[in-house]
Amino acid sequence: MKPLHSFHGLEMEVRSFDGARAVRVVHPAGQRIPAHRHDWPLLTLPALGGYLEECEEGSVAVAGPAVILHPPGRCHANCIHASGMETFSIEFDPAWLGAGALPRLFDRSFYWIGGEIPLASRALARLWADPAAGEDAVRSATANFLFGAMHSAERPAPEWLPRARAQLAAGHGVTALDLARALDLHPRWLAQAYRSAIGEGLHETVLRGRVEQAVRMLRSTDQPIAEIAVAAGFCDQSHLNRAMRRFTGRTPLQVRGEREALAALLS
């Protein structure tokens, strides 16, 4: 039986079992989601955009690779960024998961921002999205992922990270070599350290930013997709298609077709 709550976003079901399901959830830019609770535990894996969340633990800013786990009944509210927000979200009945082995799972909300847990979450999302993966395999992988997350050690962010982010946000043409020179670090070491700290590689960060820009243009203009691809920094429309499928599981044409449904959420 599905829980009764609403995600307050545009939902696209990926797959479901009797006791768990995965959905892609899209929130329009600037949406304010009032305080709400979920009936099942909710595991959220951000794909694009970001939001500010108000919860019992305080204010948490989420953008880029992250993993959020809300236990059932935990109250939280969200303010979606100007770029919108898209997540891969997994909700499950604790009985389906066999969560008795994870006693800390429902103590509070958990936020893993950057680092090894968001990096590991991508394999979990791929497995959920694989129609050939059986329910037992998906359940086992979900339980193992949560067990690993609960027992992970928190690492402080490196001092150079804010400067690296500022450099990457400055323009499309920043390469790993450019960034290493700006930070006075070895390029190979920086690439590995960045991936470990953020949960994705330098190229992935740049690519995700381009996809976010393309998504904004698809939903706010009637420009041809080929022109949007070039404006967002892609070589051509085919390059945009591949990148958008990688981050959203959909084509640019499908993303453009979601405009009316997202506008209705704001109204």
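This is a predicted model, so every value here is computed, not measured.
Not a single donor-acceptor pair under 3.5 Å links the side chain of Gln167 to the backbone N or O of Ala164. No side-chain donor-acceptor contact under 3.5 Å links Asp130 to the backbone of Arg126. Looking only at distances, no side-chain donor or acceptor of Glu212 sits under 3.5 Å from a matching main-chain atom of Gly209. Checked by atom type and distance alone, the side chain of Ser196 never pairs as donor or acceptor with a backbone atom of Ala193 at under 3.5 Å. A donor-acceptor pair is defined here as one N or O able to donate and one able to accept, closer than 3.5 Å; such a pair exists between the side chain of Arg37 and the backbone of Gly73.
Leu43 is not listed as a side-chain neighbour of Ile68, based on a closest heavy-atom distance of 4.5 Å or more. Between Phe145 and Val67, some side-chain heavy-atom pair lies under the 4.5 Å cut-off. Taking the side chain as every heavy atom from C-beta outward, Arg21 and Glu11 approach each other to under 4.5 Å. Here the side chains of Thr221 and Arg256 are in contact, with some heavy-atom distance below 4.5 Å. When side chains are defined from C-beta on, Val211 counts as touching Phe234, because their heavy atoms get closer than 4.5 Å. Proximity of Met244 to Arg250: side-chain heavy atoms (C-beta onward) are nowhere separated by under 4.5 Å. At least one side-chain heavy atom of Val138 sits under 4.5 Å from a side-chain heavy atom of Arg15. Side-chain contact between Leu52 and Val60: absent, with no pair of heavy atoms (C-beta onward) separated by less than 4.5 Å.
For the pair Ile198 and Arg165, the tightest heavy-atom approach, listed with the atom from each and the gap, is CD1-NH2, 3.2 Å. Taking all atoms of both residues into account, the shortest heavy-atom contact from Val62 to Pro46 is CG1-CG, 3.8 Å.
Here the options are Arg195, Arg246, Arg208, the test is salt bridge (Lys or Arg N to Asp or Glu O under 4.0 Å), and the partner is Glu200; only Arg208 passes.
Surrounding CD of Glu56 are more than 12 heavy atoms belonging to other residues, nucleotides or ligands, all under 6.0 Å away. For Asp184, the CG atom is loosely surrounded, since the number of other residues' heavy atoms within 6.0 Å does not exceed 12.
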Give the table of side-chain donor-acceptor pairs shorter than 3.5 Å for residues 77-85, with sequence neighbours excluded, one pair per line with atom names and distance.
residue : atom : partner : partner atom : Å
Asn78   : ND2  : Glu53   : OE1          : 2.4
His81   : NE2  : Tyr51   : N            : 3.4

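Under 4.0 Å is where a charged nitrogen must lie from a carboxylate oxygen, and between Glu260 and Arg219 no such pair does.
Hydrophobic clustering of Ile, Leu, Val, Met, Phe, Trp and Tyr side chains at less than 4.5 Å, counting indirect connections, keeps Met12 apart from Leu124.
Residues satisfying the ring pair (Phe, Tyr, Trp, His ring centres under 6.0 Å) test with Phe247, not counting sequence neighbours, are none.
Below 30°, between 30° and 60°, or above 60°: for His70 and His38 the angle between ring planes is below 30°, a parallel geometry.
The six-membered or imidazole ring of Trp189 lies away from that of Tyr194, with a centre-to-centre distance of 6.0 Å or more.
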